[in-house]
**Student:** 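Attaching a single structure in structure tokens format; questions to follow.
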Amino acid sequence: MIKISFPDGAVREYAPGTSSMEIAKSISEGLARKLLAATVNGQVWDLNRPITTDAAVKFLTWDDKDAKTTFWHSTAHLMAEAIEKKFPGVKFWVGPPVDNGFYYDIDLGGRHISEEDLRELEVSMAALAKENNPYIRKEISKADAIAYFTEKGDEYKLDLLQNLEDGNITFYTQGGFTDLCRGPHIPSTGAIKAVKLTNIAGAYWKGDEKNKQLTRIYGVSFPSQKELDEYLQLLEEAKKRDHRKLGKELSIYTMDDDVGPGLIMWMPNGTIIIEELEKLAKETEEAAGYHRVVTPHIAKESMYLTSGHLPYYADSMYPPMELDGEKYYLKSMNCPHHHKIFAAEPKSYRDLPYRIAEYGTVYRYEQSGELFGLMRVRCLHMNDAHIYCSKEQFAAEFRAVNEMYLKYFKIFGIDKYQMRLSLHSADKLGKKYVDQPALWKETEDMVRQVLIDTNTPFVEVQDEAAFYGPKIDVQIFSVIGREFTLATNQVDFSQGRSFKLQYTTPENHSETPLIIHRAPLGTHERFIGFLLEHYAGKLPVWLAPQQVRILPISDKFVGYAEEVKAKLRAAGVRVGIDDRSEKIGKKIRETELLKVPYMLVVGEKEMAEGKISVRRQGKGDIGAQPVEDFITVIKREIANRHDEV
RNA sequence: GCCACUUUAGCUCAGCUGGUAGAGCAACUGAUUUGUAAUCAGUAGGUCGUUGGUUCGAUUCCGACAAGUGGCUCCA
């Protein structure tokens with residue numbers, strides 16, 4: 001007999017070769033019906049796979065992330081079956097589960113697939129699911145596997161097999177479809193009750209743009225139609241807080257074909273948000289010992305040869321303009337200009353850390369397919385600064401920058417983010433990264449140590465560093481699930497040498513400073529795009545372009561509204577009056593939709609008592625109060641950058 | 001840059017299989033003077049993304065280009 005232990009600590013005995021499905025049935029038929037997979041000693045297994053030794057078993061239902069993953073992976077196989085039926089001879093690459101569903105990469109052999117095809121495939125998948133075919137696992141020798149796919153003429157699976165060890169290879173078959181697959185899978189196709197194939201995309205084989213492009217079909221599936229409907233509903237809701245939609249509705253920014261792709265024009269409302277953010281940054285940076293600087297938008301080729309931008313970053317720069325036989329480039333980063341400011345006067349250790357900040361506008365020639373609303377643009381306003389410091393000062397400075405992030409995140413209530421330690425990739429030294437292996441190692445260790453010392457949870461990612469050094473990126477997600485770097489804190493061991501930056505040490509030696517590049521608020525474009533989604537357009541009072549709108553009940557009270565407005569303006573509040581001859585219901589509705597935080601309704605009663613009726617956006621009427629009381633509250637909200645109501 | 005799709009009034013969208021366009025909201029004018037999420041009436045507004053082609057005739061069919069969207073690759 002084998003001993004099976006359960007999460008609650010219970011232990012039961014079964015005959016060797018008993019599957020977790022049989023174990024579940026021995027406990028409760030009802031439980032068994034809900035199961036999709038199980039973990040055996042922490043590994044996700046097929047429910048029907050025999051267990052031969054003592055093991056810890058945990059049953060997985062739809063609510064478990066691992067079960068969803070297994071379910072979607074099995075749906076990918078089901079989709080492949082339907083595709084192979086419809087388009088015989090197609091070849092499959094890989095079909096993994098993803099965060100919200102699954103995809104399969106397919107070589108359609110020059111054929112095209114349309115939206116109608118997806119609908120037909122959904123129908124076909126539903127029929128195949130109804131057959132309730134079991135997913136059958138089979139261990140197979142490498143030689144037999146190679147023979148099978150050679151016979152089939154499938155070079156993709158043969159490529160996969162190259163990297164697999166004999167004795168460790170399994171096939172899964174459901175209905176008429178067999179795939180090379182590590183598993184695990186759900187017991188049978190019948191559990192898949194609702195499928196939506198969401199989109200068709202091109203995807204490079206093995207993720208390399210030099211390789212052939214395969215057709216990727218994305219989909220998602222659920223154990224009931226109801227859950228699919230709920231999911232689609234959720235997507236609809238997410239669309240409503242998409243910054244591109246809100247940006248238009250709230251008159252934040254605009255773009256125009258005549259101006260060019262990825263070039264944002266900030267409208268008056270958006271500009272107010274920018275100015276509030278800059279005010280916050282300037283206060284914060286002044287308190288942290290930064291100096292402000294201002295530098296031009298262009299510079300000569302020679303500077304970008306020195307900085308390393310042309311060798312390592314030229315693809316992302318706008319092409320040069322030629323004047324008087326010189327090439328000038330639009331700046332893609334502020335750092336070289338800042339290095340020149342550092343170098344303009346001799347520095348001693350007494351001048352360090354030397355911190356200079358600028359809201360510089362930089363231009364990056366992003367590939368056309370990358371552009372995305374405010375999140376990915378070609379003209380960026382960076383909350384940029386460079387800190388020049390000694391090796392001894394580095395940890396404290398780097399740490400202070402991280403603390404600045406967290407201070408900002410607290411103000412904005414940003415809590416869903418991931419700190420990412422972005423490292424270089426050794427095989428790209430001299431191509432994407434400056435060729436200084438020892439310095440890479442040293443600085444990466446330094447940055448990692450800061451994160452460990454401050455107990456900051458983080459993930460490490462290869463091949464994400466800047467060309468001049470490692471960095472910590474703060475990763476966030478847009479409402480449609482796309483990942484972006486919001487803020488960044490970067491080490492630079494390279495440009496200090498390139499620019500021959502020096503300071504005099506206490507021992508009267510010349511030393512090259514380390515440089516920290518940091519942008520805790522990232523860029524205006526991405527940060528505001530993120531904030532719009534984060535707040536679903538309902539900006540806190542201190543950021544709202546219009547903070548208060550006064551709504552007179554009728555024309556008769558416009559005069560009183562003007563008096564109230566004058567008082568609010570004198571208190572520094574951004575206030576307007578809706579003086580149209582419309583009914584109050586309409587004025588409220590439109591002001592609600594514009595997400596103005598406060599509406600002040602004024603009529604007969606209010607005028608007589610010197611009061612206003614306050615209505616908070618999204619919350620409704622919160623009662624009448626004297627104008628002065630309201631001013632006290634809203635002034636405090638603005639000054640503290642924190643909504644109280 | 002690559003794959004797929006989309007582009008009609010300021011916005012959101014109709015417009016079947018080719019016969020040069022329509023709604024709601026917004027705007028403007030007038031009436032209404034209104035008590036917490038849409039008052040009524042009228043007026044104006046479009047070389048149907050741009051550009052070639054097919055056709056007697058193209059918003060509609062085909063091609064190219066541009067921009068946008070979903071991915072891939074790339075990045076704040």
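Labels below follow one simple rule: chain letters A, B, ... track the order of the sequence lines, proteins then strands, and each chain is numbered from 1.
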**Student:** Using distance only, find each side-chain donor-acceptor pair of residues 527-537 of chain A under 3.5 Å and give its atom names and separation, not counting sequence neighbours.
**Tutor:**
residue: A:Glu533; atom: OE1; partner: A:Val479; partner atom: N; Å: 2.7
residue: A:Glu533; atom: OE2; partner: A:His243; partner atom: N; Å: 2.9
residue: A:Glu533; atom: OE2; partner: A:His243; partner atom: ND1; Å: 2.8
residue: A:His534; atom: NE2; partner: A:Phe412; partner atom: O; Å: 2.7
residue: A:His534; atom: NE2; partner: A:Gly413; partner atom: O; Å: 3.4
residue: A:Tyr535; atom: OH; partner: A:Phe412; partner atom: O; Å: 3.3

**Student:** Does atom NZ of A:Lys206 have more than 12 heavy-atom neighbours from other groups under 6.0 Å away?
**Tutor:**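 Correct, the count exceeds 12.
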
**Student:** Within a radius of less than 6.0 Å around CG of A:Asp256, do more than 12 heavy atoms belonging to other residues, nucleotides or ligands occur?
**Tutor:**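 More than 12 heavy atoms, drawn from other residues, nucleotides or ligands, come within 6.0 Å of this atom.
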
**Student:** Hey, would you say the A:Tyr468 and A:His517 ring centroids sit under 6.0 Å apart?
**Tutor:**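 Here the rings of A:His517 and A:Tyr468 have centres that are less than 6.0 Å from each other.
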
**Student:** What pairs of nitrogen or oxygen atoms, one from the protein and one from nucleotides 68-70 of chain B, lie under 3.5 Å apart?
**Tutor:**
residue: B:U69; atom: OP1; partner: A:Arg244; partner atom: NH1; Å: 3.1
residue: B:U69; atom: O3'; partner: A:Arg244; partner atom: NH1; Å: 3.3
residue: B:G70; atom: OP1; partner: A:Arg244; partner atom: NH1; Å: 3.2
residue: B:G70; atom: OP1; partner: A:Arg244; partner atom: NH2; Å: 2.8
residue: B:G70; atom: OP2; partner: A:Arg244; partner atom: NH1; Å: 3.3
residue: B:G70; atom: OP2; partner: A:Arg482; partner atom: NH2; Å: 3.1
residue: B:G70; atom: O2'; partner: A:Asn199; partner atom: ND2; Å: 2.7
residue: B:G70; atom: N2; partner: A:Ile200; partner atom: O; Å: 3.2

**Student:** What pairs meet the salt bridge (charged side-chain N to carboxylate O under 4.0 Å, His left out) rule with one or both residues in residues 424-434 of chain A, with sequence neighbours excluded?
**Tutor:**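 Sorted result for residues 424-434 of chain A: A:Lys428-A:Asp463, A:Lys432-A:Asp463.
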
**Student:** Run through RNA chain B and report every stem of 3 or more consecutive Watson-Crick or G-U pairs, distances under 3.5 Å, ordered by first number.
**Tutor:**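 Result, WC/G-U stems under 3.5 Å: B:1-7 with B:66-72, B:10-13 with B:22-25, B:27-31 with B:39-43, B:49-53 with B:61-65.
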
**Student:** Show every side-chain hydrogen bond (donor to acceptor under 3.5 Å, both in side chains) that has at least one partner inside residues 365-378 of chain A, sequence neighbours left out.
**Tutor:**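 Sorted pair list: A:Glu366-A:Arg376.
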
**Student:** Could you work out, with ring pair (Phe, Tyr, Trp, His ring centres under 6.0 Å) as the rule, every residue matching A:His338, not counting sequence neighbours?
**Tutor:**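 Checked A:His338 against ring pair (Phe, Tyr, Trp, His ring centres under 6.0 Å); matches are A:His386.
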
**Student:** Salt-bridged, A:Glu249 to A:Lys240, with N to O below 4.0 Å?
**Tutor:**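 No, A:Glu249 and A:Lys240 are not salt-bridged.
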
**Student:** Hey, what are the protein-to-nucleotides 41-51 of chain B N/O distances that come in under 3.5 Å?
**Tutor:**
none

**Student:** Quick one: salt bridge (charged side-chain N to carboxylate O under 4.0 Å, His left out) partners of A:Lys68, sequence neighbours excluded?
**Tutor:**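 By the salt bridge (charged side-chain N to carboxylate O under 4.0 Å, His left out) rule, A:Lys68 matches no residue at all.
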
**Student:** List in chain and number order the residues that pass ring pair (Phe, Tyr, Trp, His ring centres under 6.0 Å) with A:Phe493, two or more places apart in sequence or in another chain; answer none if no residue qualifies.
**Tutor:**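 Per chain and number, A:Phe493 pairs via ring pair (Phe, Tyr, Trp, His ring centres under 6.0 Å) with A:Trp440.
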
**Student:** Using salt bridge (charged side-chain N to carboxylate O under 4.0 Å, His left out) as the criterion, list what pairs up with A:Lys157, not counting sequence neighbours.
**Tutor:**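 So A:Lys157 forms a salt bridge (charged side-chain N to carboxylate O under 4.0 Å, His left out) with A:Asp179.
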
**Student:** Quickly, which of A:Val548, A:Val596, A:Val564 forms a side-chain contact (heavy atoms from CB on, under 4.5 Å) with A:Val575? Name it, please.
**Tutor:**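 One option only clears the test, and that one is A:Val548.
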
**Student:** Please list, in numerical order, the residues of residues 543-559 of chain A that have a heavy atom closer than 4.0 Å to any atom of RNA chain B.
**Tutor:**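 Under 4.0 Å from RNA chain B: A:Ile553, A:Ser554, A:Asp555, A:Lys556.
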
**Student:** Identify, residue by residue, the members of residues 607-616 of chain A with a heavy atom below 4.0 Å from RNA chain B, and return them in order of residue number, or none.
**Tutor:**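 By residue number: A:Ser613, A:Arg615.
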
